[in-house]
Each structure stands twice: as C-alpha cells, then as structure tokens.
Amino acid sequence: MPDNSAPIAKAGVTTVDKARILAALREKGQDGRADFVDRQLPEIIDVASNAGLLRTLGLDVADLTS
C-alpha cells in the first residue's frame with residue numbers, strides 16, 4: 001500500500017495528511033493534542049495556513065513537509 005501521508009504541493013500550496021501530524025504528536029506522547037487536532041482540522045491540512053498552530057503544537061513544519 002502506498003504512503004499517502006507524504007506532503008502534496010499544488011499550485012504553491014503545501015499540504016500534509018492529518019494522519020502524519022497525529023502520528024508525530026503521538027510519538028511525543030501528546031495524545032491530548034493529537035485528539036484536539038483530530039477533532040479540529042480537516043484530513044488534508046494546508047501547512048502555510050496552519051503554520052502557527054503547528055508551531056504551537058511543537059511540530060516543525062519543515063519536518064512535516066520533507
């Protein structure tokens with residue numbers, strides 16, 4: 001099965017699958033934050049639009065899009 005969590009760039013917009021963000025948070029033991037993200041954000045997340053939130057969650061935007 002292909003890895004669908006890789007970032008996707010469309011017309012200058014970088015997106016990432018929410019599952020990738022949830023996995024990163026859970027790896028850090030931040031299950032509460034992962035649950036919040038799961039409830040609040042769509043399945044495909046525009047990284048630029050949500051960069052501030054991702055930084056607040058302690059996630060490196062560069063790591064998510066590499």
Side-chain angles (χ1 to χ4, degrees):
M1 179 173 242
D3 177 11
N4 294 326
S5 65
I8 303 165
K10 292 183 182 177
V13 176
T14 302
T15 61
V16 66
D17 189 71
K18 178 169 62 174
R20 189 167 187 177
I21 292 171
L22 297 177
L25 290 169
R26 289 196 170 108
E27 276 181 19
K28 295 178 169 190
Q30 298 176 343
D31 293 328
R33 288 182 176 196
D35 292 342
F36 169 80
V37 167
D38 198 22
R39 287 189 309 271
Q40 299 297 320
L41 295 179
E43 291 301 314
I44 303 297
I45 298 165
D46 178 341
V47 174
S49 295
N50 293 287
L53 173 61
L54 297 173
R55 281 191 300 274
T56 298
L57 293 170
L59 299 173
D60 185 346
V61 174
D63 287 344
L64 294 172
T65 58
S66 61

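Residue numbers run from 1 in the order of the sequence given.
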Measuring from [X]:[atom1] to [Y]:[atom2], what's the distance to the nearest 0.5 Å?
{"X": "Leu22", "Y": "Asp17", "atom1": "CG", "atom2": "CG", "value": "8.5 Å"}
{"X": "Ile21", "Y": "Leu25", "atom1": "CD1", "atom2": "CG", "value": "7.5 Å"}
{"X": "Asp46", "Y": "Thr14", "atom1": "CG", "atom2": "OG1", "value": "8.0 Å"}

Worksheet item: Is a side-chain N or O of Asp38 found less than 3.5 angstrom from the main chain of Ala34, in a donor-acceptor match?
Response: no

Practice prompt. Would you mind reporting whether Lys18 and Val37 have side-chain heavy atoms less than 4.5 Å apart?
Written response: yes

Discussion item. Which heavy atom of Pro42 sits nearest to which heavy atom of Ile45, and what is that distance?
Written reply: O-CG1, 3.4 Å

Worksheet, complete the sentence: With sequence neighbours left out, the residues meeting side chain to side chain contact (heavy atoms under 4.5 Å, CB included) with Ala51 are Arg55, Val61

Item to complete: Sort and list the pairs that fulfil salt bridge (charged side-chain N to carboxylate O under 4.0 Å, His left out) and have at least one residue in residues 22-32, not counting sequence neighbours.
Response: Arg26-Asp31, Arg26-Asp35

Worksheet item: Which is it for Val16 and Ile44 under the side chain to side chain contact (heavy atoms under 4.5 Å, CB included) test, yes or no, and what are the steps along the way?
Response: CA-CA 6 Å; Val16 66; Ile44 303 297; over 6 Å; no

